[in-house]
Amino acid sequence: MPHSDHATSQPSRTFRDLAPFPDNVPTAPLLRISLVKLLAQDADEQERCWQACQELGFFYLDLGGDGSEDLLADADRLFSLMKSFYDMPVEEKVKYDFKSKGSYYGYKGYGEGIINAKGTRDRNEFYNVSKDDILGLSERLPCPGVLNGEEQRGLFKSYIERSHTICASIITLLSTRLPLTQPARQDGGLEALHRLNATSSDQIRFVHAPPQDFTTKGIALGEHTDFGSVTVLFNRLGGLQVRLPEHMSAVPATRDGASDTEKSLCEEGWCYVQPLPGHCIVNLGDALVKFSSGKLRSNIHRVVAPPGRQGESTRYSLVYFCRPEDDVILRSLVEGGEQEDEQVSAKEWILRRALGRREAGGWEESGGTEEGSMRRGGMRV
Ligand SMILES: O=C(O)CCC(=O)C(=O)O
Ligand SMILES: [Fe+2]
């Protein structure tokens, strides 16, 4: 089966200055795909990537070799920058919460998001940076001084461009493999819906989750599917979990000793994604499920307290969300695909989903393709 690791070299498993990821919890069997090989049009690597996008919609992208280290260097610098932002007092950070203006860019405070239908509050902070703001395609939003210098904006720009290039190469591969309708192909395929310089809801996200109380260790970011097309994610501490479809098994723990909380967080198909140095995690979002009429998978995932001793540290993560251009209608673009009754633009879809997760009563309306994702995997929720 493709969901074993065919990659030749063994990756390093530890990050400097952080407790190692423990070996007593089950992990997700993500394929490790080489970006260098993908860019060189290596047929086997393209096939493995295509399989991963259909089966789980999550894989590791190995960024080693031939120039892609630049993205790793940008990610390192952004981890330091995000620490300076989160070190600011809350009174300062809340000045950049623009929810009341109908925008989800800027800051979301701890507990300001809803993680389930019962209205339980999240346990993390976000800061969202708009691609269009940084590239000068939209109005410039107010921004704290630590993130607003020329150097910082230059770093955001470089990270956006590099991440977008990666997303675009994955989108091109998917566009080639999917049975797109003739008009969709004539219009330029999926690539034409994700141009860097067209207005879209693409964004960088900084995520910050402080250590959780030993007795209440649990969910920091509730289960969800991503809203857009392709997500590029840099993690250093564990805590990200995916819920595997029934036919897929987790890589079992190699020894006993997980806590009761960790065990209960690994029921019903949930398992941890182990961060790997030199790699990012790539996952697909709902827009690609809609364009492909369900051929591609946007898998459910969530963030819980990092396992083992890692749980004593503050967790930071860095995300780039690549989304369809604002006015693109989210509908099937493949031969024989089913059209849904509701035809919504990417801009409306993302606003509804992102802001809905910040309202006590917004849970139901802010759903995505979760149900389809579980059904295709054979699990019911
Ligand atoms: O922090 C993480 O590892 C994942 C964050 C995530 O899933 C999201 O922001 O959509
Ligand atoms: Fe996510």
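Whatever order the structure lists ligands and atoms in, that order sets their numbers, starting from 1.
Protein heavy atom nearest atom 4 (C) of ligand 1, with residue, atom name and distance: V303 CG2, 3.6 Å.
Close approach of ligand 1 to N235 is summarised as follows: ligand atoms under 4.0 Å from at least one heavy atom of the residue are 2 (C), 3 (O). Taking every non-hydrogen atom of L221 and a distance limit under 4.0 Å, the qualifying atoms of ligand 1 come out as 5 (C), 6 (C), 7 (O), 8 (C), 9 (O). Contact atoms of ligand 1 toward S317: 1 (O), 2 (C), 3 (O) (distance under 4.0 Å to a heavy atom of the residue). Listed by number with element, the atoms of ligand 1 under 4.0 Å from a non-hydrogen atom of F321 are 8 (C), 9 (O), 10 (O). Close contacts between ligand 1 and H301 involve ligand atoms 7 (O) [criterion: under 4.0 Å to a heavy atom]. Atoms of ligand 1 lying under 4.0 Å from any heavy atom of D226, numbered from 1 in the order shown and given with element: 10 (O).
For H224, the N/O/S atom at the shortest distance from the Fe ion (ligand 2) is named NE2. Taking the Fe ion (ligand 2) as reference, the nearest N/O/S atom within D226 carries the name OD1. Looking at H301 and the Fe ion (ligand 2) together, the shortest N, O or S contact belongs to NE2.
Among H224, R302, R205, H208, the residue whose heavy atom sits closest to atom 9 (O) of ligand 1 is R205.
Annotation: side chain of M88 is in contact with side chain of V146 (closest heavy-atom distance under 4.5 Å).
Relative orientation of the Y127 and F85 rings is tilted, given thresholds of 30° and 60° on the angle between their planes.
Residue contact check for ligand 1: R315 places a non-hydrogen atom closer than 4.0 Å to it.
Remark: E125 does not engage K108 in a salt bridge, criterion side-chain N to carboxylate O under 4.0 Å. With respect to the salt-bridge test (charged N to carboxylate O, under 4.0 angstrom), the residues R195 and D202 do not qualify.
Because its NZ or CZ atom is not both nearer than 6.0 Å to the ring centre of Y60 and within 45° of the ring axis, R32 does not count as a cation-pi partner of that residue. Within the cation-pi definition used here (under 6.0 Å to the ring centroid, within 45° of the axis), R323 qualifies as a partner of F321.
No side-chain donor-acceptor contact under 3.5 Å links S163 to the backbone of I160.
A pairwise comparison of heavy atoms in G111 and D122 identifies N-OD1, 2.7 Å as the closest pair.
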